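Have a look at the structure below before the remarks.
Because the structure is predicted, anything quoted here is derived from the model rather than measured.
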Amino acid sequence: MCEDFRMASSLQGKVAIVTGGSRGIGRAIAADLLAEGVSVVITGTNPEHLREAEAVLMARAAGGAKVLTFTADVRDHLAVDSVVEETVRRLGGLDILVNNAGVGWFGTVESETHEDWRRVIDTNLTGMFNCCHAAIPHLRRRGESYIINISSLAGKNVVAGGAGYCASKAGVNAFSEVLLQEVRQDGIRVTYVCPGSVNTDFMGHADAGNDWKLKPEDVAQVVLDLVRTDKRSLPSLVEMRPAKPPKK
């Protein structure tokens, strides 16, 4: 029985795209997938960060898994289309899409510029739409595939000063619920993961003093567990919180 389970849950030979995969949560997810034998494509907007990530991730690749990097802004649907097409051409298909790319801006509505608003909404929400739109036909061909959208508890637990970010993540949640209904009969599972506080450089820098926060590796472990879940099961939403935040 144990041997049959391992065979059923094996990820070796599958292909994944992880957006925003050069740092933080995205890189941790890519590393865990590579260690399972999944070939991984990561995207980002900073070529230097992508080069650094590639060097680190190649050391994690197991079972002949490959690492490809693309400098691409998820807000640009033509760039996203190109990444997906190149992934399929060079790696033979697509099994897993992890929509992780995200940005934040925090301040009052009155002080937020139109440019800041568009950057947050277009990256966090429209960028996810662009990636799903391009990937779904290829995921459908696999017959057993997965879309995982990295959202945030800020999508339901709003905070003052986070109008654009909270709105974008609430949109991610609603979009994910709709998408799940549309593609589940095609063998495409959809889950959105909502972490709370994660100690990354998302807010400018990671802080060693915030060891009470979740780590990127914690989120990556959840993603890995999801894609290894038997295809008959669909955990549609996962909420994650630090176990022991500071007492107020």
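Between Phe175 and Phe129, the two ring planes are perpendicular [angle over 60°; tilted spans 30° to 60°].
By the 6.0 Å contact criterion, NE2 on His49 is enclosed, its count of non-hydrogen atoms from other residues, nucleotides or ligands being greater than 12. The local environment of CD in Glu115 is crowded, with over 12 non-hydrogen atoms from other residues, nucleotides or ligands closer than 6.0 Å.
Residue Arg90 holds its CZ atom at 4.5 Å from CG of Leu68, rounded to the nearest 0.5 Å. Interatomic distance, CZ of Arg75 versus CD1 of Ile121, reported as 12.0 Å (0.5 Å rounding). How far OG of Ser233 is from CZ of Arg189: 7.0 Å, rounded to the nearest 0.5 Å.
For the side chain to side chain contact (heavy atoms under 4.5 Å, CB included) criterion with Asn100, the lone passing option out of Ile17, Ile25, Ile148 is Ile25. Here the rule is salt bridge (charged side-chain N to carboxylate O under 4.0 Å, His left out) with Asp95, and of Arg140, Arg141, Arg142 only Arg142 fits it. For the ring-ring contact (aromatic ring centres under 6.0 Å, His included) criterion with Tyr165, the lone passing option out of Phe106, Trp117, Trp105 is Phe106.
In this structure, Asn173 contributes its side chain and Ala170 its backbone to no donor-acceptor pair below 3.5 Å. In this structure, the side chain of Ser39 engages the main chain of Lys66 through a donor-acceptor pair within 3.5 Å. Under the 3.5 Å distance criterion, the side-chain polar atoms of Ser82 are left unmatched by any main-chain donor or acceptor of Leu78. Lys14 places no side-chain N or O within donor-acceptor distance of the main-chain N or O of Gly37, the cut-off being under 3.5 Å. Formation of a donor-acceptor pair under 3.5 Å by the Ser151 side chain with backbone atoms of Cys194 is not found in this model.
Taking a cutoff of 4.0 Å between a charged side-chain nitrogen and a carboxylate oxygen, Glu86 and Arg89 qualify as a salt bridge.
Through side-chain heavy atoms spaced under 4.5 Å, either directly or across other Ile, Leu, Val, Met, Phe, Trp or Tyr residues, Tyr192 is tied to Leu237.
In this structure, Asp81 has no salt bridge (Lys or Arg N to Asp or Glu O under 4.0 Å) partners at least two apart in sequence or on a different chain.
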